[in-house]
There are 2 protein chains.
Amino acid sequence: MAARDYGQYCGVTRGLELVGERWALLIVRDLLVGPRRYGELAAGLPRIPSNILAARLKELQAAGVIRRVPRSRVIIYELTPYGRELEPIVLALGAWGFKAMGDPREDQIITSDSMTMALRTAFRPQVASTLPPTAYGAHLGPAELLIRVDGPTLDVTRGDGPVDLAFSAGPQIRRLISGELGPDRAIATGVVDVLRGPADLLDRFARTFHLAA
Amino acid sequence: MAARDYGQYCGVTRGLELVGERWALLIVRDLLVGPRRYGELAAGLPRIPSNILAARLKELQAAGVIRRVPRSRVIIYELTPYGRELEPIVLALGAWGFKAMGDPREDQIITSDSMTMALRTAFRPQVASTLPPTAYGAHLGPAELLIRVDGPTLDVTRGDGPVDLAFSAGPQIRRLISGELGPDRAIATGVVDVLRGPADLLDRFARTFHLAA
DNA sequence: CCGGATCCCATCCGATACTG
DNA sequence: CAGTATCGGATGGGATCCGG
């Protein structure tokens, strides 16, 4: 343990010792969406070697950040209350990193958990409160998300359901979230493809989810 | 660059690519206190190898987080506005890590920059507003800090000056900040040693600086 | 000195293969 | 499905060296 330790008695160094290793905070990010099985985590982090995932899970468990729960023949990993306290930090880091996102590269993928957290980051509860409850079905690359906004509360789940507006988009949806592209231009340029429902609901979506770039 | 890249198009991964490397966020932490020279950074991060420090400075510079400023024969590193936006994240991570700090080990040191940031994390402006302006001189291991509280504003600098209360303490001061130890018991047990001024001002200090454990 | 660059070794990570 | 085992290459740690 002395090797990876920073040798300082300081809250920041302690925090980094617990979740500063490569991949660790991304595991936390995905677990913030919900409990996950080993294979689900591996699928959501496609480039993580399995030995690293196994090692991180053990370390995070030893650090009291996550818990390994055997549940009816399968093993589930979930955040402890202490681990859940990382949520504002992960969201803030996501908002900070969002500003440095350029255009997507060919080899960069979108996962449903990362998009879910991005939506939570971009969600503006006070704006949403002024708008009628709305359900969106977003097909974002391989992820199919059901986004339900009701007043100041947001609920994002995987899968399908009844929606007011269904659309598909690629990584370029960032430009809609950042306001770089208006909803109408997003549709005109093909960044967003409306599948079902009135296209002007995309404006409501863009006002509900916004992140500075 | 493809090696250390996470392969996802996501704000969190982007943020981690910029400041997620080992030591990077600690360099940011120290620069949040103020601009620093190479040697000052090296002194504040005693276990960092010089090649790593040099490499991180270049990477952070390329990432737009810090700036290298030649100033009258010496080179100064300082945060860019974008880098300064990391402050709430570093403070939040420090508060989170604070909860996982046990008792200090022999080989763990305290630096003045890390203590300065810890004080900023623990500072409670709304409490301080109700108290008279106060200057503290804190001798924390090798760090001598001049802590000036005036209403909701906090100013921490290195060095000496006129103070209302001067005290010295070691790493155990964490137990005072966390409330685990009351001011009187902190003095009685020798955790805090009052050097000058009325000892009851330590109570004011403890109310001004508090962090949950 | 200050601000690094270089070298060498230990450790960690990534890719793939394998197992209960 | 949930991990271990293994191995080459990348990265970090520590010491030393160099140019201004």
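Values below: all heavy atoms of this structure, side chains included; hydrogens, waters and symmetry mates excluded. Residue numbers start from 1 in every chain, and the chains themselves are labelled A, B, ... in the order their sequence lines are given, proteins ahead of strands.
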Enquirer: Rounded off to whole Å, could you give me the CG-to-P distance for the B/Leu53 and C/dA5 pair?
Expert: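 After rounding, the gap between these two atoms is 11 Å.
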
Enquirer: For C/dG14, take OP1 and OP2 only and decide whether either is under 4.0 Å from a side-chain N or O of A/Trp23.
Expert: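 Yes, A/Trp23 has a side-chain N/O under 4.0 Å of OP1/OP2 on C/dG14.
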
Enquirer: Within 45 degrees of the ring normal and closer than 6.0 Å to the centroid, is that where the cationic atom of A/Arg22 sits relative to B/Tyr6?
Expert: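 Positive - A/Arg22 is close enough to the ring of B/Tyr6 and near enough to its axis.
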
Enquirer: How long is the line joining CZ of A/Arg4 and C1' of C/dT11, in whole Å?
Expert: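 Checked: the CZ to C1' distance equals 10 Å.
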
Enquirer: Under 30°, 30 to 60°, or over 60°: which ring-plane class applies to B/Phe123 and B/Phe209, parallel, tilted or perpendicular?
Expert: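 Rings of B/Phe123 and B/Phe209: tilted, as their planes differ by 30° to 60°.
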
Enquirer: Distance check: side-chain N/O of A/Arg68 vs OP1/OP2 of D/dA2, anything under 4.0 Å?
Expert: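 Answer is no, no contact under 4.0 Å.
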
Enquirer: When you match B/Ala55 and B/Arg37 each to their closest nucleotide on DNA chain C, which lands nearer the 5' end?
Expert: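 Final value for this comparison: B/Arg37.
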
Enquirer: Nearest whole angstrom, please: distance from the P of C/dC8 to the CG of B/Asn51.
Expert: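 One finds 14 Å between P of C/dC8 and CG of B/Asn51, rounded.
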
Enquirer: Could you tell me the separation between the CZ atom of A/Arg73 and the C1' atom of D/dG3, rounded to a whole number of Å?
Expert: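 From A/Arg73 CZ to D/dG3 C1': 16 Å.
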
Enquirer: Tell me: CG of A/Leu45 to C1' of C/dA15, nearest whole Å?
Expert: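 Rounded to the whole Å, the gap is 16 Å.
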
Enquirer: Does a nitrogen or oxygen in the side chain of B/Tyr77 sit under 4.0 Å from OP1 or OP2 of C/dC2?
Expert: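 Checking C/dC2 against B/Tyr77, no side-chain N or O comes under 4.0 Å of OP1 or OP2.
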
Enquirer: Can you find a side chain N or O atom of B/Lys58 that sits less than 4.0 Å from OP1 or OP2 on C/dG3?
Expert: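 Negative; the distance criterion is not met.
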
Enquirer: Rounded to whole Å, please give me the gap between OH in A/Tyr6 and C1' in D/dG13.
Expert: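 Going from A/Tyr6 (OH) to D/dG13 (C1'), I get 13 Å.
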
Enquirer: Which string of ( ) [ ] | and . matches DNA chain C, if you list each base 5' to 3' and count Watson-Crick or G-U pairs only when both distances are under 3.5 Å?
Expert: |||||||||||||||||||.

Enquirer: On DNA chain C, compare the nucleotides closest to A/Glu21 and A/Ser50; which residue's is nearer the 5' end?
Expert: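 Whichever sits nearer the 5' end wins; that is A/Glu21.
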
Enquirer: Within a strict 4.5 Å, meaning less than it, do heavy atoms of the B/Pro183 and B/Arg204 side chains meet?
Expert: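 A side-chain contact is absent here, since even the closest heavy-atom pair is not under 4.5 Å.
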
Enquirer: Counting only heavy atoms from other residues, nucleotides and ligands, does the tally under 6.0 Å from CZ of B/Arg185 exceed 12?
Expert: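 Open.
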
Enquirer: Under a 4.0 Å N-O cut-off, is there an ion pair linking B/Glu87 with B/Arg84?
Expert: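 No, no charged N to carboxylate O under 4.0 Å.
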
Enquirer: Write down the distance between CZ (A/Arg22) and C1' (D/dG12), rounded to a whole number of angstrom.
Expert: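 Computing the A/Arg22:CZ to D/dG12:C1' distance gives 14 Å.
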
Enquirer: Does a side-chain N-to-carboxylate-O contact under 4.0 Å join B/Glu59 and B/Arg56?
Expert: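 A salt bridge links B/Glu59 with B/Arg56.
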
Enquirer: State, yes or no, whether a side-chain contact exists between B/Ser114 and A/Val12 at a heavy-atom distance under 4.5 Å.
Expert: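 Heavy-atom side-chain distance check fails, nothing below 4.5 Å.
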
Enquirer: What's the closest nucleotide to the B/Val74 side chain, out of C/dG3, C/dC13, C/dG14?
Expert: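 The closest nucleotide is C/dG3.
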
Enquirer: Once you round it to whole Å, what is the distance between C1' of C/dA15 and CZ of A/Arg47?
Expert: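 Between C1' of C/dA15 and CZ of A/Arg47: 12 Å.
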
